[in-house]
Amino acid sequence: QVQLVESGGGLVQAGGSQRLSCAASGSIFSISTMAWYRQAPGKQRDMVATLTSGERTNYADSVKGRFTISRNNAKNTVDLQMNSLKPADTGVYYCCLVTPWGQDYWGQGPQITVSS
C-alpha cells in the first residue's frame, strides 16, 4: 500500500510563500503521476497542479505563474512551491499519487490559510 505524508500546512500572510511537501512510501513513485488538489471552504476539490513521471506539468489557471510543482524521485517526494499567496488560496491541500494503472492514493490534506 502507498502512503502519502504531507507537511507544510499553516497560516501564511497574503503575498507570502509556502512550500508543501509530500513523501510517498513504496516503489512506484517514480512511474506515477503526482498531483496537488485544493478544497476551499464550501467548495469542491479541484486540481491545482499535476506532474507526470515524464516531468510534464499542468496547472490550474488560478495558480499559473505562482505555484510550482516538482518531484524528487530519489526521495519519493513531491513539492508544491506557492508564491504570491492570496486569501483565495486558502483551503485544504491534498497530495495525490496516480499509478500507471489508474489507482489513486491521497495524503491527509493539511490546511493552508492565507490572511490579508
Side-chain angles (χ1 to χ4, degrees):
Q1 293 291 317
V2 174
Q3 292 182 312
L4 303 176
V5 180
E6 299 179 46
S7 62
L11 179 64
V12 188
Q13 291 187 351
S17 299
Q18 185 77 352
R19 179 175 61 87
L20 300 178
S21 295
C22 176
S25 65
S27 60
I28 61 172
F29 178 87
S30 63
I31 62 173
S32 299
T33 292
M34 300 301 300
W36 289 95
Y37 283 74
R38 179 173 66 199
Q39 187 166 20
K43 305 295 184 180
Q44 67 178 12
R45 186 180 302 183
D46 293 323
M47 186 275 294
V48 174
T50 61
L51 178 59
T52 70
S53 61
E55 300 287 350
R56 288 201 298 158
T57 60
N58 183 250
Y59 296 94
D61 289 341
S62 61
V63 306
K64 286 181 179 177
R66 299 189 298 118
F67 289 11
T68 302
I69 186 172
S70 61
R71 66 193 299 158
N72 187 329
N73 288 338
K75 298 170 59 179
N76 273 21
T77 58
V78 60
D79 293 347
L80 184 68
Q81 179 64 46
M82 304 182 293
N83 298 326
S84 301
L85 283 163
K86 307 173 181 179
D89 295 320
T90 293
V92 178
Y93 284 74
Y94 296 91
C95 175
C96 179
L97 179 152
V98 183
T99 70
W101 49 93
Q103 187 171 7
D104 59 306
Y105 299 87
W106 295 86
Q108 74 275 21
Q111 172 84 21
I112 288 289
T113 301
V114 183
S115 61
S116 60

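Nothing fancy with the numbering, it's 1 onward along the sequence.
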- [ ] Check whether any side-chain heavy atom of W36 lies under 4.5 Å from a side-chain heavy atom of C95, and answer yes or no.
- [x] yes
- [ ] Check whether any side-chain N or O of E6 sits under 3.5 Å from a backbone N or O of G109 as a donor-acceptor pair, and report yes or no.
- [x] yes
Task: Y93 and R38 side chains, donor-acceptor separation under 3.5 Å - done: yes
- [ ] Check for a donor-acceptor pair, side chain of S25 on one end and backbone N or O of Q3 on the other, with a separation under 3.5 Å.
- [x] yes
TODO: Taking all heavy atoms of V12 and all of S17, pick out the closest pair and write down the distance.
DONE: CG1-O, 4.0 Å
TODO: Verify, without hydrogens or angle tests, whether T90 (side chain) and V114 (backbone) share a donor-acceptor contact under 3.5 angstrom.
DONE: yes
- [ ] Consider only side-chain N and O atoms of R56 and N58, and report whether a donor and an acceptor are under 3.5 Å apart.
- [x] no
Task: Pair D89 + K86: basic N to acidic O under 4.0 Å - done: no
Open item on the list: Can a side-chain donor-acceptor contact be found between Q103 and Y105 if the only test is distance below 3.5 angstrom?
Closed with: yes
- [ ] Say whether S21 and D79, considering side chains only, have a donor N or O and an acceptor N or O under 3.5 Å apart.
- [x] yes
- [ ] Return yes if some donor-acceptor pair links the side-chain N/O of N73 with the main-chain N/O of F29 below 3.5 Å, else return no.
- [x] no
TODO: Verify the distance criterion only: is there a donor paired with an acceptor across the side chains of Q44 and D46 at less than 3.5 Å?
DONE: yes
TODO: State whether the side chain of R45 and the backbone N or O of Y94 hold a donor-acceptor pair below 3.5 Å, judged by distance alone.
DONE: no
TODO: Could you tell me the separation between the CG atom of L20 and the CD atom of Q18, rounded to the nearest 0.5 Å?
DONE: 6.5 Å
- [ ] Give the minimum heavy-atom separation between M47 and Y59, together with the two atoms involved.
- [x] CE-C, 4.4 Å
Task: Single-linkage hydrophobic cluster, 4.5 Å side-chain cutoff, L4 and I112 together - done: yes
TODO: Report, as yes or no, whether the 6.0 Å neighbourhood of atom CD on Q13 holds more than 12 heavy atoms from other residues, nucleotides or ligands.
DONE: no
- [ ] Determine whether F67 and I69 fall in the same hydrophobic cluster, where Ile, Leu, Val, Met, Phe, Trp and Tyr are linked whenever their side-chain heavy atoms lie under 4.5 Å apart.
- [x] yes
